[in-house]
Amino acid sequence: MTWTHATISDLPDDPFLRYAALPDSLAVTSPVGWAVLLRWRPHGHWGGAAIVADDAPAEAESEAFAALAELAADQGISIEWFSTAPGRQLAMPAGLTETGNGRWAFMWTETVPETTTPATFVELDDRRHAATIESFGRANSDDFEGFPGRGFATLWLSTRDEQDLAAVGGLHELGSGAPHLAGIAVRRDVRRAGIGTAITVELTRRAIAQGGVSTLAVNSDNTGAIRLYERLERNELDIVIIP
């Protein structure tokens, strides 16, 4: 099967592309679908996805990935992750090695939630409070990926109860400039009390005010978080991590 070099404007209108891709993204197309590599963060972390028809040959995504990897090598781009639809086969191109995999959901909304947020929120500094955010996140979330202190976050919010810190959550900036919810963690003993909803709603409101959209990515095995984010539409993908 032949995969042809394309531009983002040649691809279908897809929320993942609309919110995460820039004109410098690498893309290929074929009769059975399309694939893209993009800068996930402003300073890199290149990754992407292959989207093909359900009846596409089993090797379709692998061939698309190989075509993109060749384009990336020509431009000196290092690929760190790549995604496919659940259950689809993906072979590594020459020179790349898989170091892990999982399933995640890319979610988005342009609608400000109507839910009220009675909690009081305090902003934290990404660098000055990095140790506090990291320690709290690791203690209260099995898959915490807030990366405090690395300059990814444009905003951190926290809320407390009468005992201690009750929740944290951040806004990151995608390579496209779109705001992205990340690092949301709620203290284990106060879950199901509405605190997670409150901080998610407040972050979503601020994201939409900032960039017109709120995006996030969540591990699809995290059913509690998925239920919390059910107000957002989602597009589920398998993700493969590459060194």
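- Heavy atoms of other residues, nucleotides or ligands lying less than 6.0 angstrom from CG of Asp74 number more than 12.
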Task: Verdict with supporting geometry, Leu22 and Leu38, side-chain contact (heavy atoms from CB on, under 4.5 Å) - done: CA-CA 7 Å; Leu22 283 169; Leu38 50 82; over 6 Å; no
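- A continuous path of Ile, Leu, Val, Met, Phe, Trp and Tyr side chains, each step under 4.5 Å between heavy atoms, connects Trp108 with Trp104, placing both in one hydrophobic cluster.
- Put simply, the side chain of Thr154 gets close to the backbone of Leu171: a donor and an acceptor are under 3.5 Å apart.
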TODO: Might you work through the salt bridge (Lys or Arg N to Asp or Glu O under 4.0 Å) test for Arg206 and Glu123, ending with a clear yes or no?
DONE: CA-CA 12 Å; Arg206 296 199 187 198; Glu123 294 189 12; 3.1 Å; yes
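- What you find for Gly170 and Leu203 is that their closest heavy atoms are N-CD1, 3.8 Å.
- Trp34 pairs in a side-chain contact (heavy atoms from CB on, under 4.5 Å) with only one of the listed residues (Thr4, Leu17, Val52, Val28), which is Leu17.
- Considering CG of Leu155 and CZ of Phe121, their distance stands at 11.0 Å, rounded to 0.5 Å.
- With salt bridges taken as basic N to acidic carboxylate O contacts below 4.0 Å, one links Asp161 and Arg187.
- Under the 4.5 Å side-chain criterion, counting only non-hydrogen atoms from C-beta, Val32 is in contact with Pro57.
- Ion pairing between a basic and an acidic side chain is recognised when a charged N comes within 4.0 Å of a carboxylate O; Arg138 and Asp143 show no such pairing.
- Going from atom CG of Leu90 over to atom OG1 of Thr84 covers 5.5 Å, rounded to the nearest 0.5 Å.
- Using a 4.5 Å cut-off on side-chain heavy atoms (C-beta onward), Phe147 and Arg41 make contact.
- Using modelled atom types, one side-chain atom of Asn140 and one backbone atom of Arg188 make a donor-acceptor pair closer than 3.5 Å.
- Connection of Val190 to Phe144 is not established within any shared hydrophobic cluster, with ILVMFWY side chains joined at heavy-atom distances below 4.5 Å, either directly or through further cluster members.
- A perpendicular orientation is assigned to the rings of Trp40 and Phe106, their planes being inclined by more than 60° (bins at 30° and 60°).
- Here the CG-CG distance, from Leu71 to Leu37, works out to 8.0 Å after rounding to the nearest 0.5 Å.
- Formation of a donor-acceptor pair under 3.5 Å by the Ser176 side chain with backbone atoms of Ala21 is not found in this model.
- Across every non-hydrogen atom of Phe136 and Ala185, the tightest pair is CE2-O, 3.4 Å.
- No side-chain donor-acceptor contact under 3.5 Å links Asp126 to the backbone of Pro148.
- A salt bridge is defined here as a Lys NZ or Arg NE, NH1 or NH2 lying under 4.0 Å from an Asp or Glu carboxylate O, and Asp164 with Arg160 meets this definition.
- For the atom pair Glu61 CD and Phe82 CZ, the distance stands at 8.0 Å (nearest 0.5 Å).
- For the pair His129 (side chain) and Asp125 (backbone), a donor-acceptor distance under 3.5 Å is present.
- Within a 6.0 Å radius of CD in Glu70, other residues, nucleotides and ligands contribute 12 heavy atoms or fewer.
- Within 6.0 Å of CZ on Arg192 lie no more than 12 heavy atoms contributed by other residues, nucleotides or ligands.
- Residue Leu157 holds its CG atom at 10.5 Å from OG1 of Thr200, rounded to the nearest 0.5 Å.
- Side-chain contact check for Phe65 versus Trp3: every heavy-atom pair is 4.5 Å or farther apart.
- With a 4.5 Å cut-off on side-chain heavy atoms, Ile199 and Ile184 count as touching.
- Between Tyr19 and His180 there is no side-chain heavy-atom pair separated by less than 4.5 Å.
- The aromatic rings of Trp156 and His172 sit perpendicular, their planes meeting at an angle over 60°, well past the 30° parallel limit.
- Only one option out of Leu174, Thr109, Leu181, Thr204 pairs with Thr215 in a side-chain contact (heavy atoms from CB on, under 4.5 Å); it is Leu174.
- No continuous path of hydrophobic side-chain contacts links Ile208 to Val213 [ILVMFWY only; heavy atoms under 4.5 Å].
- Rounded to the nearest 0.5 Å, atoms CG (Leu165) and OG1 (Thr132) are 8.0 Å apart.
- Distance alone, capped at 3.5 Å, places no donor-acceptor pair between the Arg39 side chain and the Trp46 backbone.
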